[in-house]
Structures are given as structure tokens and as C-alpha cells.
Number of protein chains: 2
Amino acid sequence: MKPKGFVRRTRQREAILAVLKGTKCHPTADWVYQEVRKEMPHVSLGTIYRNLRTLSEHGEIQELAFGSAHSRFDANPDNHYHFICEECGTIEDLEMPALAELGKEALKLPGYEVRGHRLEFHGICPHCSHHRSDDYAN
Amino acid sequence: MKPKGFVRRTRQREAILAVLKGTKCHPTADWVYQEVRKEMPHVSLGTIYRNLRTLSEHGEIQELAFGSAHSRFDANPDNHYHFICEECGTIEDLEMPALAELGKEALKLPGYEVRGHRLEFHGICPHCSHHRSDDYAN
DNA sequence: GAATAAATGAGTAGAATTATCAATAATGGA
DNA sequence: TCCATTATTGATAATTCTACTCATTTATTC
Ligand SMILES: [Mn+2]
Ligand SMILES: [Mn+2]
Ligand SMILES: [Zn+2]
Ligand SMILES: [Zn+2]
């Protein structure tokens with residue numbers, strides 16, 4: 001029987017994945033669009049966005065973004081680390097002290113001038129974890 | 001004598017900074033806008049964006065964003081770290097192995113389910129570093 | 001108080017991303 | 001091979017976030 005909600009294999013999706021696998025440049029959606037268009041001139045930009053999301057939801061690629069795309073601001077200008085909830089998007093400070101060794105580790109790269117680093121953890125916050133167990137109780 | 005290019009102290013900027021200092025929630029520009037409006041109903045959204053940028057350029061606050069706002073995509077779904085150039089925005093993979101201890105460190109937080117972490121270094125890439133010394137040569 | 005120019009408010013513009021929906025095409029079964 | 005189903009597409013409109021414009025206001029120094 002035909003499963004409901006399965007993922008189809010389309011020429012467009014294959015092309016997008018191939019383009020992404022063929023570069024090391026961590027491209028934007030639009031860059032991928034321009035590349036795919038060379039082989040498939042009628043492809044739609046919406047298709048690119050849709051597939052990039054689908055692919056990353058299925059763990060075939062990853063999206064590098066800060067949570068929900070738009071900027072967040074922090075009154076504390078000193079480097080510190082954050083926990084971001086995948087469910088509700090809240091961002092919380094971690095008490096963990098900034099790791100000086102991390103900077104030194106990366107300084108080994110010849111020619112690179114490392115000025116700082118950012119570390120963030122993601123997962124489920126206690127609040128959302130609660131809600132989830134409520135759901136299972138139904 | 002009046003210096004040129006100095007930063008003025010305005011009611012709006014003070015209010016924005018006060019709002020930001022008064023929360024731990026890492027708000028968006030719009031959230032700050034709604035808050036400031038309660039005390040200052042005629043404040044403009046443009047003023048909020050302008051000041052948030054000014055304040056972070058002067059190191060009084062920090063902006064949490066992924067480089068140039070829009071998403072980048074990566075064909076490699078496994079966790080690995082990146083170097084981001086502040087000048088040209090290029091993102092490069094680091095050979096550094098993912099640090100397992102980091103996850104364990106954060107797992108100490110009770111109630112949090114840590115699923116992963118992201119680490120990125122920022123600074124100046126060799127290419128831009130070159131250009132910069134060219135500039136000084138003039 | 002007057003001169004200066006930084007900053008504001010109101011509106012417009014742009015860029016990135018998402019939503020809509022009729023048409024298309026991938027899939028598994030007959 | 002043909003069919004029914006429905007995930008996916010292409011084209012376009014709509015949103016959303018952020019930057020820009022410019023006349024007016026206002027903080028700052030003298
Ligand atoms: Mn913080
Ligand atoms: Mn990468
Ligand atoms: Zn949560
Ligand atoms: Zn660079």
C-alpha cells in the first residue's frame with residue numbers, strides 16, 4: 001500500500017542536492033537557484049526554498065541560520081554562550097565561562113586572524129519538555 | 001570644541017538601552033519597539049533599528065545573528081565548525097573535530113535536553129588580510 | 001541663545017522568504 | 001501499461017524584516 005506523507009524523488013530535488021554537494025561555499029538559496037537554473041531553466045525559486053527546507057528537515061543537508069532568521073539583541077556585550085530551544089525559540093544565557101582555549105585552537109590556522117567565536121547549544125527547554133509529556137498523557 | 005562624528009545622548013536611545021537591559025529574553029527589534037512605544041508612543045521603528053545597530057557597533061550591546069541575516073546551506077549534515085570572515089562573509093569549514101565534551105558540559109543543566117551545539121569562529125580570512133595590507137601600502 | 005550637525009519620524013523601498021493554488025508528475029497497485 | 005492518488009511544481013502574490021530618504025527636530029558646544 002502507498003504510504004501517506006512519503007517523500008518523492010523529483011528531478012528538481014536531485015538537482016538541488018547535486019548542486020549543494022558540488023560546492024564547498026555554503027551557498028545562499030539564491031546561489032543554488034542560479035546554479036540549478038543553468039540545467040533547468042524553468043525551475044522556480046519557491047521550489048528551491050521548499051526543497052532546501054525539506055532536505056534539512058530530513059537531515060540530508062543542514063541550514064546555517066540563527067534560529068528564526070531575524071536578529072536578536074542582547075544587552076550583555078561580553079562573549080557568553082546560549083541555549084536555543086528548537087521548539088519555542090527562546091534563547092537563554094548559559095553560565096558556562098567563555099572558553100579561552102577555543103580561540104587558541106583556531107589560531108593554529110595559518111593566515112586567519114581569529115577575533116572571536118560563538119558557541120550555542122540547541123535542544124528542548126524544560127518548559128517545552130513539560131508540554132511534550134502532557135501531550136503523551138492524552 | 002565640538003568633535004565631529006560624536007554620538008549624542010537621546011531619550012530614544014536611552015529608552016531602547018533601558019528596555020534591553022531590563023529583559024533577559026534576547027528580544028527582536030520589533031519586541032523592543034513595542035516596549036519602547038509604551039513609554040514613547042511616537043517612536044519610529046526606523047529609530048529602533050538605527051539605534052540597535054549603533055549601540056552594537058559601539059559595543060554597548062550585541063546582536064545575535066548569523067552573518068548577513070540570510071540562510072546559508074551546507075551539503076554536509078554532520079556537525080562541524082566554521083570560520084566566518086567579517087570582511088567578505090565567506091564561510092569555511094574547519095578541520096577541527098567536533099568536541100564531544102562540549103555537549104556533556106551543557107548536559108549538566110537540569111531539565112534541558114541538549115541535542116547539539118554550534119561553534120563558529122569569526123575574524124579575517126587570509127584573502128581579506130592580504131587586501132588590507134595592500135591598502136596600507138598606498 | 002545661536003550655530004552646528006546628529007538624530008528623529010514618517011514614509012518608502014528593497015531583499016529574503018513564505019503562502020496560494022491550479023497544473024503537473026512521481027508512485028504503487030491493478 | 002494504465003490508473004488513481006497526492007506530493008510537488010511553477011508562477012505569482014503576500015509577508016516580513018531591515019535599510020533608506022529627507023524634512024524637521026533636538027542635543028551639544030560656544
Ligand atoms: Mn545572552
Ligand atoms: Mn560546512
Ligand atoms: Zn522551549
Ligand atoms: Zn574574507
Side-chain angles (χ1 to χ4, degrees), chain A residues 1-20 26-58 60-74 89 91, chain B residues 1-20 26-58 60-74 89 91:
Chain A
M1 168 192 138
K2 196 188 300 184
K4 204 162 186 173
F6 66 107
V7 177
R8 284 180 187 171
R9 167 167 211 177
T10 65
R11 296 192 315 116
Q12 290 86 344
R13 190 166 354 231
E14 299 285 303
I16 289 164
L17 194 52
V19 162
L20 206 53
H26 303 85
T28 62
D30 196 68
W31 190 93
V32 174
Y33 177 48
Q34 302 304 336
E35 286 300 305
V36 172
R37 267 220 294 196
K38 290 176 183 170
E39 297 298 317
M40 209 177 279
H42 285 284
V43 74
S44 161
L45 182 55
T47 297
I48 306 296
Y49 275 103
R50 231 180 287 129
N51 279 293
L52 287 172
R53 186 163 33 155
T54 304
L55 287 166
S56 79
E57 278 171 0
H58 286 120
E60 295 198 61
I61 66 172
Q62 66 174 305
E63 180 175 357
L64 302 176
F66 185 76
S68 64
H70 51 279
S71 282
R72 301 299 202 97
F73 296 89
D74 191 329
I91 302 173
Chain B
M1 166 193 138
K2 196 187 303 188
K4 203 163 186 173
F6 66 109
V7 177
R8 284 180 186 171
R9 169 173 201 153
T10 65
R11 294 191 318 115
Q12 290 86 344
R13 185 166 312 166
E14 299 285 303
I16 289 164
L17 194 52
V19 161
L20 207 53
H26 303 85
T28 62
D30 196 67
W31 189 94
V32 174
Y33 177 48
Q34 301 305 337
E35 286 300 305
V36 172
R37 266 218 297 193
K38 289 176 184 171
E39 297 298 318
M40 209 178 275
H42 285 284
V43 74
S44 161
L45 183 56
T47 298
I48 306 295
Y49 275 103
R50 228 181 289 128
N51 279 293
L52 288 172
R53 186 167 32 157
T54 304
L55 287 167
S56 80
E57 279 172 358
H58 289 221
E60 295 198 63
I61 66 172
Q62 68 173 304
E63 181 176 356
L64 302 177
F66 186 76
S68 65
H70 50 278
S71 283
R72 301 299 201 96
F73 296 89
D74 190 331
I91 302 174

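For clarity, every value in this text was computed on a predicted model and none was experimentally measured.
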Discussion item. Distance check needed: D:dA27 P versus B:Phe6 CZ, whole Å only.
Written reply: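 The distance from CZ of B:Phe6 to P of D:dA27 comes to 12 Å, rounded to the nearest Å.
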Worksheet item: Is there a donor on the side chain of A:Arg8 or the base of D:dT6 sitting less than 3.5 Å from an acceptor on the other?
Response: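 Indeed there is one.
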Worksheet item: What integer distance in Å separates A:His70:NE2 from C:dT18:P?
Response: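 Going from NE2 in A:His70 over to P in C:dT18 covers 12 Å.
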Discussion item. Tell me the interatomic distance from B:Asn51, atom CG, to C:dA6, atom P, rounded to whole angstroms.
Written reply: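 B:Asn51 atom CG is separated from C:dA6 atom P by 15 Å.
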Worksheet item: Roughly how many Å is it from CD in B:Glu57 to C1' in D:dT18, rounded to a whole number?
Response: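 It works out to 14 Å between those atoms.
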Worksheet item: For C:dA16, does either OP1 or OP2 sit under 4.0 Å from a side-chain N or O belonging to A:Thr28?
Response: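 Checking A:Thr28 against C:dA16: no side-chain N or O falls below 4.0 Å of OP1 or OP2.
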Worksheet item: If you find the nucleotide of DNA chain D closest to B:Arg11 and the one closest to A:Arg13, which residue's nucleotide is nearer the 5' end?
Response: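 Upstream on the strand: A:Arg13.
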Worksheet item: Atom OH of B:Tyr33 to atom P of D:dT18: distance rounded to whole Å?
Response: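 Checked: the OH to P distance equals 14 Å.
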Discussion item. Donor-acceptor pair, distance only, cut-off 3.5 Å: does the side chain of A:Thr47 make one with the backbone of A:Val43?
Written reply: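 No; zero donor-acceptor contacts below 3.5 Å.
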Practice prompt. Identify the heavy atoms of B:Leu20 and B:Leu52 that sit nearest to each other, and give their distance.
Written response: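 Looks like CD2-CD2, 4.3 Å.
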Discussion item. In whole Å, I'd like the distance from the CZ atom of B:Arg37 to the P atom of C:dA10.
Written reply: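 My rounded result for the distance is 11 Å.
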Worksheet entry | Under 3.5 Å side-chain donor-acceptor pair for B:Glu63 and A:Ser71 |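 Side chains of B:Glu63 and A:Ser71: pair found under 3.5 Å.
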Worksheet item: In residues 40-50 of chain B, which residues come under 4.0 Å of DNA chain D by heavy atom?
Response: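 B:Leu45, B:Tyr49, in order of number.
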Worksheet item: For A:Glu14 and C:dT27, what is the distance between atoms CD and C1' respectively, to the nearest whole Å?
Response: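 About 14 Å, once rounded to whole Å.
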Discussion item. On the nucleotide C:dA25, are OP1 or OP2 found under 4.0 Å from the side-chain N or O atoms that A:Gln12 carries?
Written reply: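 So the side-chain polar atoms of A:Gln12 never come under 4.0 Å of the phosphate oxygens OP1 or OP2 of C:dA25.
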Worksheet item: For the side chain of B:Arg9, counting heavy atoms from C-beta on, which of C:dT8, C:dT27, D:dA27 is nearest?
Response: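 Comparing C:dT8, C:dT27, D:dA27 against the side chain of B:Arg9, the answer is D:dA27.
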Item to complete: Check step by step if side-chain contact (heavy atoms from CB on, under 4.5 Å) holds for A:Tyr49 and A:Arg53.
Response: CA-CA 6 Å; A:Tyr49 275 103; A:Arg53 186 163 33 155; over 6 Å; no
Discussion item. Looking at every heavy atom in both B:His26 and A:Arg72, which two are closest together, and how far apart are they?
Written reply: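 Shortest heavy-atom separation between B:His26 and A:Arg72 comes out as O-NH1, 2.6 Å.
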Item to complete: Hey, which sits more toward the 5' end of DNA chain C by its nearest nucleotide, B:Thr54 or B:Phe73?
Response: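 With B:Phe73 and B:Thr54 compared, the 5'-side residue is B:Thr54.
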Practice prompt. May I ask you to say what B:Asp30 touches in the nucleic acid, namely base, sugar-phosphate or nothing, with a heavy-atom cut-off under 4.0 Å?
Written response: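 If one applies the 4.0 Å heavy-atom cut-off, B:Asp30 turns out to touch nothing in the nucleic acid.
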Discussion item. Between B:Arg13 (side chain only) and B:Leu55 (backbone N and O only), is there a donor and an acceptor less than 3.5 Å apart?
Written reply: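 No; zero donor-acceptor contacts below 3.5 Å.
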Discussion item. Could you report the tightest heavy-atom contact between B:Thr28 and A:Phe73, atom names first, then the distance?
Written reply: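 It is C-CD1, 4.4 Å.
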